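Naming: A, B, ... by sequence-line order, numbering from 1 per chain. Treat the numbers as computed from the prediction; the structure is a model and nothing was measured.
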Number of protein chains: 2
Amino acid sequence: MTPMEIALEEARAAAARGEVPVGAVVTDAAGRVLARAGNRVEELADASAHAELLALRAAAAARGEPRLPDCTLTVTLEPCPMCAQAASFFRVRRLVFGAYDPKGGGVEHGARIFAAPSCHHVPEVVGGVRETECAALLRGFFAVRR
Amino acid sequence: MTPMEIALEEARAAAARGEVPVGAVVTDAAGRVLARAGNRVEELADASAHAELLALRAAAAARGEPRLPDCTLTVTLEPCPMCAQAASFFRVRRLVFGAYDPKGGGVEHGARIFAAPSCHHVPEVVGGVRETECAALLRGFFAVRR
């Protein structure tokens, strides 16, 4: 499975738990999976328990290192400003995301975290990977809930 | 003790652990302390383990609720974009901070998280509380390290 396929699997699992279907995975330079996670905001009663933050924290904990300079964070949705800033703090080398998020995103939209001159570490960014599939998951989830 | 005095105590404890001296506390509408924390980035090998995020997560966990709409987050330093966005996600009513952070701050500087039209929840913000003391702690910490 590609990292985005793993992230999509995590997003589907999140939806099954009643969470917003976003999934993320952290892989190292060799493509090995260090950590994978889906949203757990409701389950953990933690508004910061976004897929990205959970995966980054787990990957760093697994290594015992607060920085992941050789790693790629792959996520089904454009990260929010919180997670984009976290990706910078964890010094990930690359950020790959699926769907764009004009309302909540903080990479290509809104706060545009990496564009701030004060942002010390800017990862390489690739957006729109399997965009249709990633976006369809979210649309399906919110359509049922409305 | 006032919330800022508690936050300062946490900041001093963080410095003693070799962490950047920032402390935070979450209090409810009655002024009761729900959680207090200092930076633990190095100790936890977690680049997101800022005082604010740790205190917000602990307060929400203590309540079993991912949102803290009646609460105040008091922190010795202007929150970074990650923590400012987290404060919005946790829906804190008020954010009180000490020193301003022109380089890393995300409230009055840089990404200015709460000013983005896409920011759903904007807390009341009070900056500059015991600013001199909060800033001196940080300056002292970095002076020794240089």
**OP:** Taking all heavy atoms of A/Ala45 and all of B/Gly64, pick out the closest pair and write down the distance.
**Re:** CB-C, 3.5 Å
Original post:
Among residues 13-36 of chain B, which residues come closer than 4.5 Å to chain A, judged by heavy atom distances?
Top reply: none
Subject >> Part of B/His50 lying under 4.5 Å from any heavy atom of chain A >> reply: side chain
Subject >> Option in B/Pro66, B/Ala59, B/Gly105 with maximal non-hydrogen atom pairs under 4.5 Å from chain A >> reply: B/Pro66
Subject >> Under 4.5 Å from a heavy atom of chain B, the part of A/Cys83 involved >> reply: neither
Subject >> Co-members of B/Leu44 in a cluster of I, L, V, M, F, W and Y side chains, linked at under 4.5 Å >> reply: B/Leu54
Original post:
How far does CG of B/Asp46 sit from CZ of A/Arg67, to the nearest 0.5 angstrom?
Top reply: 10.5 Å
**OP:** Calculate, to the nearest 0.5 Å, the distance between atoms CE and CG belonging to A/Met82 and B/Leu53 respectively.
**Re:** 7.0 Å
Subject >> Minimum heavy-atom distance A/Ser118-B/Gly110, with the two atoms named >> reply: OG-CA, 4.0 Å
**OP:** Quick one: which of A/Ala84, A/Pro81, A/Ala49, A/Ala115 has the most heavy-atom pairs under 4.5 Å with chain B, could you say?
**Re:** A/Pro81
**OP:** Hey, could you give me each pair passing side-chain hydrogen bond (donor to acceptor under 3.5 Å, both in side chains) that has a residue in residues 72-91 of chain A? Not counting sequence neighbours.
**Re:** A/Glu78-A/His109
Original post:
Honestly curious: do B/Phe142 and B/Leu8 fall in one hydrophobic cluster under the side-chain, below-4.5 Å linking rule?
Top reply: no
Original post:
Do B/Val96 and B/Leu68 belong to the same hydrophobic cluster, where Ile, Leu, Val, Met, Phe, Trp and Tyr are linked whenever their side-chain heavy atoms lie under 4.5 Å apart, directly or via other members?
Top reply: no
Original post:
Are A/Val126 and A/Leu56 joined in one hydrophobic group, where the rule is that I, L, V, M, F, W and Y side chains link up if heavy atoms are under 4.5 Å apart?
Top reply: no
Original post:
A/Tyr100 and A/Phe114: same hydrophobic cluster, using ILVMFWY side-chain contacts below 4.5 Å?
Top reply: yes
Original post:
Is the closest side-chain heavy-atom distance between A/Ser48 and B/Phe89 below 4.5 Å?
Top reply: no
Original post:
Checking A/Ala86 against chain B: side chain, backbone, both or neither under 4.5 Å from a heavy atom?
Top reply: both
Original post:
With hydrophobic residues grouped by side-chain heavy-atom distances under 4.5 Å, do B/Ile6 and B/Leu73 end up in a single group?
Top reply: no
Can you give each donor-acceptor pair under 3.5 Å made by side-chain atoms of residues 128-138 of chain B, sequence neighbours left out, with the distance rounded to 0.1 Å?
residue  : atom : partner  : partner atom : Å
B/Arg130 : NE   : B/Glu133 : OE1          : 3.0
B/Arg130 : NH1  : B/Glu5   : OE2          : 3.1
B/Arg130 : NH2  : B/Glu133 : OE1          : 2.6
B/Arg130 : NH2  : B/Glu133 : OE2          : 3.0

